[in-house]
Each structure stands twice: as C-alpha cells, then as structure tokens.
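Just so it is clear, the structure is predicted and the values come from calculations on it, not from any experiment. Every chain is numbered from 1, with letters handed out A, B, ... down the list of sequences.
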There are 2 protein chains.
Amino acid sequence: MASDLDTVFSALADPTRRAILAMLLEDDMAVTDVAEPFQTSLAAISKHLSVLAEAGLISRERRGRVIWCKLEPDALRGASVWMQGFGQFEPVDLDAFERFLEGELAKSPEGPDDVETTSV
Amino acid sequence: MASDLDTVFSALADPTRRAILAMLLEDDMAVTDVAEPFQTSLAAISKHLSVLAEAGLISRERRGRVIWCKLEPDALRGASVWMQGFGQFEPVDLDAFERFLEGELAKSPEGPDDVETTSV
DNA sequence: CGCATATTCAACCATCCGGTTGACGATCGC
DNA sequence: GCGATCGTCAACCGGATGGTTGAATATGCG
C-alpha cells in the first residue's frame with residue numbers, strides 16, 4: 001500500500017522516465033516512438049511506461065495496432081504541493097524549467113540523442 | 001554520476017524519509033531524537049539521514065556527542081522547478097500542503113506515532 | 001489467410017535498497 | 001580513567017528494480 005507520493009516520486013527518480021515525460025510534454029506518442037531515441041530495448045521502455053502509468057503520470061490508449069501515451073500532469077499535483085510547502089519557493093519560473101529540462105535531456109543515460117532539445 | 005534530480009526524487013520516494021523531513025520542518029533535531037518515533041533501528045534511521053544528506057536535503061553538524069540535523073529546503077528548488085514546469089499549477093497553497101503532510105504522517109510506516117501533527 | 005508490425009509477457013540476471021544485528025569510535029560526566 | 005551515551009560501520013538478508021532475450025498476443029494489410 002504505497003502512497004501516491006511514493007509511487008510518483010520513485011517514478012520521477014529515474015532519468016529515463018523523466019526524459020520520457022519530457023518527450024510527452026511535446027506531444028502524445030506511440031510506444032515504439034517513445035523507445036526510438038533510447039538505446040535500451042523496447043521491452044525496457046514498455047516497463048518504464050508501466051511504472052509511469054502506475055503512478056498516474058501517463059495514460060495509455062490503444063488505437064488499432066498502436067498504443068498512444070499521453071502525459072497526465074495532474075498526477076504531479078500532490079507531489080508539487082508537498083514540495084512547495086517545504087521550500088516555499090517563488091511562483092513558477094518556466095525559464096528555469098527549460099534550463100533544467102535541457103540539462104536533463106542532455107544527461108539522460110544513452111539519452112535521446114536525436115531528439116530536438118531546441119523546441120522543448 | 002546520478003543527477004541531482006535522481007538523488008532528490010529517490011530520497012523523497014521513501015515515506016520514512018518524508019516523515020523525517022516533516023519533523024525537521026519544525027525544528028533541528030539530534031539523530032537519536034529523529035529516530036525515537038519510529039520503530040526501526042537507529043542504524044536504519046542513520047542510513048536514511050545519510051541518503052537525505054547525500055541529496056542535500058539536510059545537513060548534519062556534530063556538536064559534542066550529539067549530531068544535529070537541519071532541513072535544507074533549497075535542495076528542493078531544482079526538483080520543484082522541474083515539476084512545476086510540467087503541471088503549471090497554481091501558486092503555492094499552504095493549506096493543501098498541511099493536509100497532505102498530515103496524511104503522510106498518519107500513513108508513514110510504523111510512523112511517528114507520538115509526534116504532534118497538530119502544529120505542523 | 002498469412003505475414004509484418006506493435007506491444008507485452010515470462011524468465012532470468014545483477015544490482016540496489018531498506019532492514020537487522022553486533023562491533024566499533026567518540027565524547028561526556030563522574 | 002571508566003562507564004554510559006551517541007552515532008556510524010560492516011556484514012548480512014530478502015525483496016524490489018532495471019536490464020536482457022525470446023516467445024506470445026493483437027492488430028493491420030495485401
């Protein structure tokens with residue numbers, strides 16, 4: 001009976017999964033397309049997607065042969081509230097967010113190396 | 001070379017560690033006092049504190065025989081920025097935070113059972 | 001129908017994680 | 001100095017995690 005925060009935070013603790021979320025921020029994607037920029041097997045990505053879905057961070061919908069993955073940002077609400085309570089940070093700073101995101105993408109293991117970080 | 005976000009999010013993924021952070025939100029504490037409300041061994045709590053320190057979420061300072069633990073909320077900044085970029089949530093809502101915190105404390109494993117949640 | 005594509009399942013492996021216990025190093029008070 | 005207190009270290013254990021490969025399932029296309 002892990003709490004929501006348990007599953008959300010541990011889902012976010014993996015750089016591959018954060019990179020996947022960043023990709024889905026741009027658009028919904030098929031599983032195969034999510035996996036393409038990474039060097040790991042499709043099965044491994046499929047497992048990551050299950051973890052993200054388990055945490056409620058994405059949803060998956062089969063359309064024909066293809067399963068589409070969609071970001072579900074609302075799942076972050078609880079965790080975000082929890083964190084902000086500690087830090088009492090200033091309001092959302094999207095520029096800072098972009099810088100962090102680019103750092104993340106550049107760093108992610110065998111990362112998405114042909115994903116355009118420019119438009120993130 | 002795990003990124004900062006890796007260590008911070010995985011530190012936050014454990015309910016015992018989140019409960020410790022919540023306790024330190026009220027005041028600095030000695031290791032023994034941190035451990036007291038939990039049913040786990042002192043050594044286990046010591047390990048949790050190391051994980052939190054590794055993530056930069058707390059600092060430890062020896063004063064005589066006692067090691068004092070202090071919350072370092074700034075370590076949450078990066079993670080908070082990252083998350084807010086996804087969710088684009090409304091500004092900090094401290095009431096919601098309190099509700100979450102109480103839920104967490106109530107739920108934490110063999111939790112702090114004699115910590116006053118009233119004044120959190 | 002039959003083949004190709006899309007995705008998951010199952011089994012396996014190495015590593016990490018949270019917990020325990022017992023020994024050890026430091027420091028205080030007498 | 002000695003004994004008690006504070007905290008970490010080391011070795012160990014069971015279970016979760018992230019990865020692999022190969023088989024299985026489901027759907028679309030010709």
Interatomic distance, A:Ile67 CD1 vs D:dG28 C1' [rounded to whole Å]
14 Å

Rounded to whole Å, CD1 of A:Ile20 lies from P of C:dT7 at a distance of 13 Å

Rounded at 0.5 Å granularity, tell me how far OG in A:Ser50 sits from CD1 in A:Ile45.
11.5 Å

Taking atom C1' of C:dT7 as reference, at what distance in whole Å does atom CE of A:Met29 sit?
15 Å

Closest to the B:Val31 side chain, choosing from D:dT8, C:dG18, C:dT7:
D:dT8

Pairs where residues 37-61 of chain A contributes a residue and the test salt bridge (charged side-chain N to carboxylate O under 4.0 Å, His left out) is met, not counting sequence neighbours:
A:Glu61-A:Arg63

Going by heavy atoms in the side chains, are A:Val31 and A:Cys69 under 4.5 Å from each other?
yes

Side chain to side chain contact (heavy atoms under 4.5 Å, CB included) with A:Leu52: which of A:Val8, A:Ile58, A:Thr7, A:Leu12?
A:Ile58

Mapping A:Arg17 and B:Ser50 to their closest nucleotides on DNA chain D, which lands nearer the 5' end?
B:Ser50

Produce a footprint string for nucleotides 20-30 of chain C: one letter per nucleotide, 5' end first; B if the base is under 4.0 Å from any protein heavy atom, S if only the sugar-phosphate is, - if neither.
BB-----BB--

Distance, rounded to the nearest Å, where B:Asp14 contributes CG and C:dC17 contributes P:
11 Å

Quick one: A:Leu49 CG to C:dC9 C1', roughly how many Å, whole number?
15 Å

Considering all heavy atoms, the nearest A:Val34-A:Met23 contact
O-CE, 3.8 Å

Could you tell me, to 10°, how much the axis swings from one end of the helix from C:dC1-D:dG30 to C:dC24-D:dG7 to the other, five pairs per end?
30°

Would you check if the side chain of A:Arg18 reaches a backbone N or O of A:Ala11 as a donor-acceptor pair within less than 3.5 Å?
no

Once you round it to whole Å, what is the distance between P of C:dA6 and CD of A:Glu61?
18 Å

Calculate the interatomic distance between B:Ile45 atom CD1 and D:dT8 atom C1'; express it in whole Å.
14 Å

To the nearest 0.5 Å, what is the distance between OG (B:Ser46) and CD1 (B:Ile67)?
8.0 Å

Has the side chain of B:Arg62 got a donor or acceptor atom that lies under 3.5 Å from a matching backbone atom of B:Gly64?
yes

Residue-phosphate contact under 4.0 Å: B:His48 side-chain N/O, C:dG19 OP1/OP2:
yes

Would you confirm whether A:Ser10, through its side chain, and A:Asp6, through its main-chain N or O, come within 3.5 Å as a donor-acceptor pair?
yes

Which of these nucleotides, C:dT7, D:dT8, D:dG18, is closest to any side-chain atom of B:Arg60?
D:dT8

Interatomic distance where CD belongs to A:Glu54 and C1' belongs to D:dT17 [whole Å]:
14 Å

